[in-house]
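Data first, discussion second: the structure below is written as structure tokens.
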Amino acid sequence: MSSEKTPEAHRVPRSLRDLRKTTLRSFAVGFFVAGLLLLGFVTVRDQEREGGLPRLLRASHELGGKAWSRLFDPARSPPIRGAPPGARTRLNGSLGLKSPIDLRAWRLRVYVEDKLVLTLNQDEIRWLPRTDTATEFYCVEGWSTHFSYAGVRFSEFLKAFGLSERHSYVGFETPDGEYSVSLDMQSMLHPQTLLAYEMNERPLSLEHGAPLRLVVPVKYGFKSLKRIGLIRLSDIRPKDYWAERGYDWHSGL
Amino acid sequence: MGIRLKHSRPIRWSHWLNVPILGLMFWSGHLIYWANDVYLSAPATVYETLGIDHRLAEGIAWHFFVQWLFIINGIFYVVTVAVTGHWRELLPGKGAAREAWLVLLHDLRLRREAPPESGKFNGAQKIAYSGIIVCGAGSVLTGYAIHKPVQLGWLTSLLGGYDSAHQIHYWLAMSYAVFFVIHVTQVAKAGWNNFRSMITGYEFRKDA
């Protein structure tokens with residue numbers, strides 16, 4: 001027996017005929033709401049797409065990303081976990097790596113908005129202050145791996161060439177332009193974010209992004225672009241391959 | 001005998017809204033799990049026939065949107081249960097485990113007599129309906145441990161790490177599927193009068 005003494009107790013049906021009426025009414029309300037929910041779902045599903053997602057879902061991702069950006073503790077890092085020297089790290093993704101590359105002719109081009117401000121070769125990058133570190137590394141597919149890596153901290157890269165930290169976004173593209181990522185400056189300034197040329201104490205292999213790759217452990221792995229061709233500092237969000245294909249642009253961890 | 005209120009309006013709304021909400025979470029969750037080879041336990045053609053392959057981004061988008069509805073509905077339900085005193089009927093007490101065992105034996109037709117009525121819910125129901133709240137909270141916690149393993153690294157660690165959080169999250173989801181099958185079977189067995197009480201709130205009782 002129910003122990004509730006809610007106002008509903010006054011509206012108890014007094015006969016089976018009343019109960020039948022109540023039942024029909026309840027079913028009608030239920031089916032009406034179910035219809036509304038179905039209509040809502042179909043409306044969202046068929047909405048105009050923004051970056052491969054229905055507008056409401058894209059807005060939901062962006063809102064979540066902005067909210068988390070405010071709440072983020074910039075000092076937090078993933079666990080620092082390396083691998084034995086020369087260990088093979090799990091590989092995923094070959095976008096932008098399919099065309100042949102001449103490592104000695106390779107140059108890193110740095111743009112501020114549309115202006116080319118810097119061109120560097122591999123040696124010039126290796127002269128910059130070197131950082132050795134390691135990280136747990138997460139894939140959007142749900143698995144994680146870990147490796148050690150070495151290169152120049154992005155924050156120190158900016159400092160070395162007098163480039164401003166005050167741009168909102170940093171964009172990266174492979175030399176052939178096939179793959180691109182962009183990130184918020186806050187994540188780029190994280191101490192574990194490196195332009196890397198070594199992994200597991202060996203020079204970067206071609207499949208892992210030689211001669212230079214991005215490693216940004218506070219984001220899903222697909223933001224760590226391999227084989228950097230250009231870097232762009234901008235206040236307009238640069239293009240991002242997976243964000244155009246339905247993934248959350250923020251993807252912060 | 002007469003007609004009595006068995007389930008209040010907040011309880012009924014929360015219960016039925018959870019059907020599409022949890023359904024969407026379960027479906028979108030599978031779009032996500034398809035992408036992780038740890039969980040692929042069926043041949044590729046099964047997923048393709050169900051149409052859930054290659055839709056990771058879509059799965060993530062729906063999952064992260066509907067989770068708000070799941071959390072709000074869950075909090076609404078727990079607060080309702082606490083504030084109305086309904087928890088007294090839900091929480092299993094001292095004899096609940098033994099009663100649940102007797103209920104199980106009776107349901108499997110291994111014991112002729114049903115255990116005597118001990119309230120709105122029998123021991124097995126109390127354990128199941130209280131346990132499912134804990135599971136729901138567990139899904140939210142493991143979900144966030146997976147979603148923010150850096151910012152909520154302490155939580156991810158507490159759950160045994162990234163992979164462990166994933167496993168717990170997955171098995172909790174599977175437990176909802178098992179719960180659903182048993183629950184729907186029991187509801188069907190309990191008959192129209194009982195089912196109607198979760199629609200209208202009222203049941204007809206010969207002893208009321």
Side-chain angles (χ1 to χ4, degrees), chain A residues 1-6 8-9 11-16 18-19 22-27 29-30 33-34 37-38 41 44-45 51-54 56-61 64 68 71-73 76-79 136 138-144 217-219 242-243 245-248 251-253, chain B residues 2-13 16-17 19-21 24 32-39 55-58 60-62 64-66 68 84-86 88-89 119-120 146-154 156-157 161-163 166 196-197 199-205 207-208:
Chain A
M1 279 204 318
S2 168
S3 60
E4 276 135 326
K5 290 178 171 58
T6 65
E8 284 183 77
R11 285 184 262 115
V12 178
R14 271 168 301 172
S15 67
L16 284 176
D18 278 350
L19 181 55
T22 305
T23 306
L24 281 171
R25 208 180 22 232
S26 297
F27 268 108
V29 169
V33 170
L37 290 176
L38 188 61
F41 175 79
V44 172
R45 189 197 62 191
L53 282 180
L56 178 68
L57 300 183
R58 175 57 67 190
S60 156
H61 266 328
W68 274 105
L71 298 171
F72 264 21
D73 176 0
R76 292 203 68 93
S77 293
E136 191 84 29
Y138 306 91
C139 178
V140 73
E141 294 171 353
W143 50 272
S144 68
V218 294
K219 301 282 193 192
W242 288 114
R245 285 159 179 77
Y247 288 90
D248 175 25
S251 286
L253 304 174
Chain B
I3 296 164
R4 288 286 205 178
L5 180 71
K6 185 175 186 188
H7 299 297
S8 70
R9 188 167 286 142
I11 295 289
R12 284 180 279 129
W13 275 104
W16 288 112
L17 282 173
V19 173
I21 290 172
L24 275 175
I32 297 172
Y33 272 133
W34 168 86
N36 190 337
D37 44 22
V38 175
Y39 301 100
R55 291 165 72 183
L56 173 61
E58 193 184 341
I60 292 174
W62 280 106
F64 288 6
F65 174 68
V66 178
W68 296 116
T84 60
H86 181 49
R88 288 190 193 91
E89 298 169 315
K120 182 187 282 186
I146 297 168
H147 184 39
K148 296 285 177 245
V150 176
Q151 291 300 314
L152 301 176
W154 55 270
T156 314
S157 284
Y162 194 60
D163 280 342
H166 262 291
R196 179 178 52 192
S197 71
I199 303 278
T200 64
Y202 305 106
E203 66 170 350
F204 178 80
R205 283 191 72 92
D207 57 358

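The chains referred to below are lettered A, B, ... by the order of the sequence lines, with proteins before strands, and numbering in each begins at 1. Since this is a predicted model, take the numbers as computed values, not measurements. We use all heavy atoms of the structure for the numbers below, so side chains are in, but hydrogens, waters and symmetry mates are not.
- Only the side chain of A:W68 comes within contact range of chain B, judged by heavy atoms closer than 4.5 Å.
- With a 4.5 angstrom heavy-atom cutoff, A:V140 touches chain B via backbone and side-chain atoms both.
- When all heavy atoms of B:A57 and A:R245 are compared, the closest pair comes out as CB-O, 3.8 Å.
- Of all the heavy atoms in B:I3 and A:V12, the pair that sits closest is O-CG1, 3.2 Å.
- Both the backbone and the side chain of A:S26 come within less than 4.5 Å of a heavy atom of chain B.
- Contact annotation for A:L253: both backbone and side-chain heavy atoms come within less than 4.5 Å of a heavy atom of chain B.
- Residue contact with chain B, scored on non-hydrogen atoms closer than 4.5 Å, involves the backbone and the side chain of A:L16 alike.
- Note: B:Y162 leads B:F65, B:W13, B:Y162 in heavy-atom pairs under 4.5 Å with chain A.
- Annotation for A:L53 and B:A61: closest pair CD2-CB, 3.6 Å, computed over non-hydrogen atoms.
- Residue B:H166 comes nearest to A:G142 through the heavy atom pair NE2-O, 3.1 Å, listed as atom of the first residue, atom of the second, then distance.
- Put simply, the side chain of B:Q151 gets close to the backbone of A:D73: a donor and an acceptor are under 3.5 Å apart.
- Rounding to the nearest 0.5 angstrom, the gap separating the CZ atom in B:R9 from the CZ atom in A:R11 is 5.0 Å.
- How far CZ of A:F27 is from CD1 of B:I199: 4.0 Å, rounded to the nearest 0.5 Å.
- The parts of A:Y247 that come within reach of chain B are both its backbone and its side chain, each placing non-hydrogen atoms under 4.5 angstrom from that chain.
- Heavy atoms of A:S77 lying under 4.5 Å from chain B belong exclusively to its backbone.
- In this structure, CH2 on A:W143 lies 11.0 Å from CG on B:D163, to the nearest 0.5 angstrom.
- With chain B as partner, the option from A:S144, A:P79, A:G30 having the largest number of non-hydrogen pairs under 4.5 angstrom is A:S144.
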